[in-house]
Structures are given as C-alpha cells and as structure tokens.
Protein chains: 2
Amino acid sequence: MELFWTKGYHNLGVDEICRKTGMTKGAFYNSFKSKEQFLLTTIENYGNFIAEYLQNQLSDNKQKPFDRLLALYKKMLEAQTETNHMGCFVNNTMSELGTLNVSVASTTSEQFDKFLNVIEPTVREAQLNQELIDSIDSKLLTKTIHTTFFGILTTSKSTKTSGYSIMETIMHSLKK
Amino acid sequence: MELFWTKGYHNLGVDEICRKTGMTKGAFYNSFKSKEQFLLTTIENYGNFIAEYLQNQLSDNKQKPFDRLLALYKKMLEAQTETNHMGCFVNNTMSELGTLNVSVASTTSEQFDKFLNVIEPTVREAQLNQELIDSIDSKLLTKTIHTTFFGILTTSKSTKTSGYSIMETIMHSLKK
DNA sequence: ATAAATAAACAGACCGTTCGGTACAAATTA
DNA sequence: TAATTTGTACCGAACGGTCTGTTTATTTAT
C-alpha cells in the first residue's frame, strides 16, 4: 500500500511489488487475478484501516466534538510530514485512474463515502452542541470539512505554510 | 494538455500524443528533448494560461471583490462539469509525479504559487473592504481559499453533491 | 534571377527495455 | 499420491527514444 501511495499505479511494476513484499510472481498471480484487482483489494484494505482509525480517534468522549475533529485533522496532517508520500491514497488513486477505469472510480468513491459516514455523527454532535454552524445539514458540512482537509493534504507537502494553520482557519470559521 | 490532464503522465504514450496532435515522432523529438521536458513545457503553458484567466476574471471592477472571487470559483467549478477530466492539471501532475521527480515538483509548486499571487490582491481588497475576515494575513487566507477550491475540484466529480455548495459554505463562513 | 550548397525540420521504421501476464516444473502440503 | 502453491524462465505488446533518409527553407555564388 505504501508503495502504491508513493509511486502511483502506473509507476509501480508487479516485479517491484513482489520484490518489496518478498512475494514471487507465482504467488502474486496465485493470490490476485491481476495487478488491477490487487489495487482494488489494497484500496479496500486501506479504506477499512482508515475508517477504523477515524472511528477510534473520534470516540474519545473526554473531549468536545469540535476539539475531537480538530485534533483528528491535526494528527493526520502531522502524520503526513513524516512520510514521503503526499495526499490521500484513495484520492490520489482516484485522480490517477478515476477517469480511465470504472472499477477504480467506484471503489475509491465508495471509500470516500465511508470516511464521511464515520465522521458525520461527530459533526452532527458538534452542531447540536452549538459548536459548529447548523445552517446547513450535517452531511454537507462533513463533506465540506473533509474535502477541505483533502485539499490541504494534497498541496501542503509542496508549500511552505503548515497545512494545519489552514485547517484551523477553516474549522474556526465554521464555528457557530 | 487535455490529454495529460485526463490520462495522466504514465498512461499517455508519446505515440498517442503524436497521433492526437497530428505530429510525428520525428517532429516531436525535434521540438522536445524528452517526454518529461514536454510535460514541463505543458505545465508552464497551462500555468500561464490559467494565471491570465484568473487575472481577467478578477479585474472586473463592477463587482465587489468578494463577489468576484465567488463568481470565479463558481465559473471554474461549472467549467469542470462539462469536461471528462477531474481536478486541476497542475495538482494532478503534482500528486502523480511530485514525489518521484524534482523538476516536476518544483515546476508544479511554482505554478501553484503563481495562482496564489494572482488571487491574493483581490483577497486583500476584500479584507480591506470588510468583506472577509482580516484576523489572518491575506497570503494565508488566499491559500486557505484556493486550497479548499482544489480539494473540491478533485473530489466533486465523483460525489453527487454540487461542489459549488461546498465552496459557497466556505466562502460565506470566511466572511467578516 | 537562378542554381547550387547548406541547414533545419520532419517522417516513421526501428531499437533496446520494461511491462503485465503465462507456463510449467519443482516444492510443499494434505 | 493428489492437489495446491511457489519459483522462475519466458512471452507478446507497448513503452520512450534513436536513426537515417527525405523534404523544405534559407543562404550563397554566379
């Protein structure tokens, strides 16, 4: 997964996948129908992993919902600075292959929706708590916040400004 | 450029570039040192084109600066729905190759900065006009707005919600 | 002005390499 | 022993890039 993430799909050969993971080609093609099918499986694994991570981070009831959200995004932005990839694996794959391959398009947007569904209850909670604006419905607000986050995640690696200051600006401006 | 945009770098062969543009390989390699150099040239052309477009859209003095900004982003989001590519060409290229190729990384972030520099005066004007929050400096606010826009541009194609409603939410929440 | 010489641009067959994927024998498991 | 998994040599296709012959434009000589 790390490999797809940093190198993308077309720049990563099956040979290299096998070399780096210690598999052989025989084992690879015994387990996966094709390179594409391996990518789809990887996207789903990553999606499940992230969804679970989000769930865990947001279920800390000691903090207010708004603070939980902000802390989550801060943590994720910080995590990226320690790696050598940029952006989100799901979204990167979507931009690389989304217009070329319908399976990839549907799998990636499925995962994206899954993320939103995990986050939305906390956003709604924050709205009920009068911490976030409630003039728009929680689904749209969730998408607004998370889309912004992905924008930051994609661009912040190549700019000097800390991505977190942008996220902070947005989150505070969405406060009630 | 349209080709790189929809297909990405690795999925587009020199043969196809030549076929679709009516060039031959001889002409191509007479004009460009390599496929990579052609990409860099294309990015710069695209960057100049967009920067000029932004400049034109924002110089309409009949509207208030805030309205000019919102109209610009609306127009750009609408424009995308008529095409079959997604996201921004500069940013897509950055995610596909930014971690693998330093020339591409620097060229793309150069273009991104150019966009910000074109937009920033209008944002500053809106701040002075008391239309946008002035608690943060105009450069960071510009980056916040534009980064958000790119996030929307990248994801809105695969989601059902209109990207513009997200952009509207953000812009209005950043109002003074 | 015309012809010859030089340079630049072009066409596209072709090259070595790498790609995703297959074949099949060897090894492992049951 | 029968069935499954693994290692690896190998395949055709497609890749980026080169090479050589040819056309076209420009300069020079007469």
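In what follows, chains are A, B, ... by sequence order, proteins preceding strands, each numbered from 1. Model, not experiment: these values are computed from the prediction.
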Residues in side chain to side chain contact (heavy atoms under 4.5 Å, CB included) contact with [X], at least two apart in sequence or another chain:
{"X": "E44(B)", "result": "T107(B), Q111(B)"}
{"X": "S165(B)", "result": "L140(A), T161(B), S162(B)"}
{"X": "N45(A)", "result": "T41(A)"}

Report, one line per pair, each donor and acceptor closer than 3.5 Å where one atom sits in a side chain of residues 84-92 of chain B; sequence neighbours left out.
from, atom 1, to, atom 2, distance (Å)
H85(B), ND1, E2(B), OE1, 3.3
H85(B), NE2, T83(B), OG1, 3.2
N92(B), ND2, M86(B), O, 2.8

Once you build an axis from the first five pairs and another from the last five of the helix from dA1(C)-dT30(D) to dA30(C)-dT1(D), how far apart in angle are they, to 10 degrees?
10°
How would you list, by chain and number, every residue that makes a ring-ring contact (aromatic ring centres under 6.0 Å, His included) with F32(A), sequence neighbours excluded?
F28(A), F38(A)
What pairs with H172(A) under ring-ring contact (aromatic ring centres under 6.0 Å, His included), at least two apart in sequence or on another chain?
F66(A)
At a heavy-atom distance below 4.0 Å, which nucleotide of DNA chain D is the first touched by chain B, and which is the last?
dG16(D) to dT18(D)
Any residue of residues 19-30 of chain B with a heavy atom less than 4.0 Å from an atom of DNA chain D
K25(B), Y29(B)
What pairs with Q63(B) under side chain to side chain donor-acceptor pair (under 3.5 Å), at least two apart in sequence or on another chain?
D60(B)
Taking ILVMFWY side chains as joined if any heavy atoms are under 4.5 angstrom apart, and letting links pass through other members, which residues group with V102(B)?
none
What is the first contacted nucleotide of DNA chain C and what is the last, in 5' to 3' order, if contact means an atom lying under 4.0 angstrom from a heavy atom of chain A?
dG20(C) to dT22(C)
